[in-house]
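Written out below as structure tokens is the structure these notes cover.
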Amino acid sequence: MEFSLLVEMAAAAIGAAVLYTFIGFIPGTDETSVLMPVSLALILGGIKPIIVLTFFVAAFVTLGLMNIMPALIVGLPGGVLATPIVEQALLLKEQGLTALGIKKAAVASMLGVLISLTTSLLIANFMAPFAETIKGYASWLFIFGAVFLSLISKAKGISLISIIPLALLFQGLRVLYWDLGVVPKEKTITTSFFLGITVAPLLLSLLSLFVKKEREKLQTNLEKKTWLPALTEEKESLNPLNVLTTNEVIGSSLASFVSCFLFVLSPVGLIILFGELVGKHEKKVRQRAETTLVVMSALAQSTYMSGLVICIVALGIPLAPAAIGPGAAFFEAPPIFTMGNTITNQFSRSSLTTAFILGSLIAILVVYWISMRYAVRITVFVLKKIPHEAILALFIALVFLLAYMDAGLINIFGILLISLACGTLNRLGVNYGIQFMTLYAAPFIVALF
Amino acid sequence: MEKRREILEIWGDKVGSKDLVISIFFSLLFTMIGFFLADKDSSSQQLLFGLTGAILAFLLNTFLIKPKRILKEEKNEKML
């Protein structure tokens, strides 16, 4: 690999770390919706995919730690992966241990990245020879994946029932567009459908504001306050040693290692499962909260890392939840990537590995330093200055833009239709993973009849 | 006056209904202006211009709208 390309990749990683530090601090931003559209736009915008991959790796590593910061500091999760942590975070906050929590989360996060990066690269190299065989069954794997994700979800029945109707919806719209001549026959619309699924819960909430009864449900009283910790001028030591206890090091390392082999399972599910499993062994309340926080912080990194490394470096099809949702753009971004001609097919395994190593190491070093030094300050800045309205509006504009570019004005209504359907299903418990798998499998499912 | 102060909770945080409409309006307007200013034959330019519009609108909205979160500073948290 040329040196100039490595420099560009490193620059992309630093850029991602800085940008996603701020995004990570914004409460409630879902990982899929902040990662996928940006990487998709960069790929479609003609930036070299390997640079976008480095950017993306740095971005998810950054989110993995930064999403935890607002949870620790003010009790608001920065993203979905940080939601299980809020409980421990509040416990530590009550005891005035926020600074210690930040330190522990940052060190654990670094540990999680290092362990899962090595473990999952080994798994990827071991699995790569079988990738061709696995790919031959891709369509079946997507159907199997949708069924499997349905069966392990909380809403099994409705999830299973919704698979075929959803496939009809996606494929129906595609055929309609071909029939009307708004898109050429050889173009399969995927990009905007993806985004439609991603923002469906948000769009559904917004659309329901037109209904008076629904609107009243969303009204809140103004009284709920968020407490910001007072700023201190003391400089924290950056030394990562001696921050974690021996038990915490063992527990989080082991959990990160094991989670790499379970890469097809839901990251949030694994975080809750292992966090509670390890934390249970501690008797004292404070110690239990700290250990659980440490294990969960490490897992927030390892679950994403393993899923993405194995799917992108070895398999070439998205089978892990982190690859199905947030990493979707590296598999389907027509005309650059399509199923069967993904980033895995277009780049050598060593280039992909380099992107992962470079992106994650740069990001974790940058965010480790930022979180130790500036976490409280950034939280205060984001909560005081960035209005939630602006963030919601940005997402909506992004979706409309890509919908219009994909298939013109009619597709804006197509995306509204998808959002109404997928958003409703989402409320009923049919998660993103099932919906994305169904989108991948749609042509195949419809052809079965 | 009552209508203007309506606060809604969407996607985990608070928004004002009127401010939300304003910010969506600006975001769509700027994004689409960007899109249509670009060269019709270059889809990557259309995307780039559209995104630039979206980001400009985000900055404008951030400047115009006050966040609805209620924040209180704690006095004496013990920092280790």
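Chain naming here is simple, since letters A, B, ... match the order of the sequence lines and numbering starts at 1 in each.
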Exercise for review: Could you look at A:V382 and say if it's the side chain, the backbone, both or neither that has a heavy atom under 4.5 Å from chain B?
Suggested key: backbone
Practice item. Drop me the distance from A:L35's CG to A:I23's CD1, to the nearest 0.5 angstrom. Key: 8.0 Å
Check your understanding: Which atoms form the tightest heavy-atom contact between A:L392 and A:L202, and what is the distance?
Key -> CD2-CD1, 3.6 Å
Practice item. Kindly write out the residues that satisfy ring pair (Phe, Tyr, Trp, His ring centres under 6.0 Å) with B:F35, not counting sequence neighbours, or none if the list is empty. Key: A:Y404
**Study point:** Structural part of A:K217 lying under 4.5 Å from a heavy atom of chain B
**Key:** neither
Exercise for review: Report the distance from atom CG of B:L20 to atom CD of B:E6, rounding to the nearest 0.5 Å.
Suggested key: 10.5 Å
Exercise for review: Considering only heavy atoms and a distance below 4.5 Å, find which of A:L383, A:I386, A:I396 pairs most often with chain B.
Suggested key: A:L383
Point to revise | Engaged part of B:L47 at the chain A interface, taking heavy atoms whose separation is under 4.5 Å | key: both
Review point. Strictly by modelled atom types, are B:S23 and B:N61 linked by a side-chain donor-acceptor pair under 3.5 Å?
Key: no
Check your understanding: If you measure from the Lys or Arg side-chain nitrogens to the Asp or Glu carboxylate oxygens, is any gap between B:D19 and B:K66 under 4.0 Å?
Key -> no
Review point. Are there more than 12 heavy atoms of other residues, nucleotides or ligands under 6.0 Å from atom CG of A:N242?
Key: no
**Study point:** Top of A:L401, A:L206, A:L402, A:L209 for chain B proximity - count of heavy-atom pairs under 4.5 angstrom
**Key:** A:L401
Point to revise | Contact winner vs chain A - B:L28, B:L59, B:V21, heavy-atom pairs under 4.5 Å | key: B:L28
Check your understanding: Side chain, backbone, both or neither: which part of A:I391 has an atom under 4.5 Å from a heavy atom of chain B?
Key -> both
Point to revise | Per-residue contact mode, B:A54 against chain A (heavy atom under 4.5 angstrom) | key: both
Check your understanding: Between B:I24, B:L51, B:I22, which residue shows the highest count of heavy-atom pairs closer than 4.5 Å to chain A?
Key -> B:I24
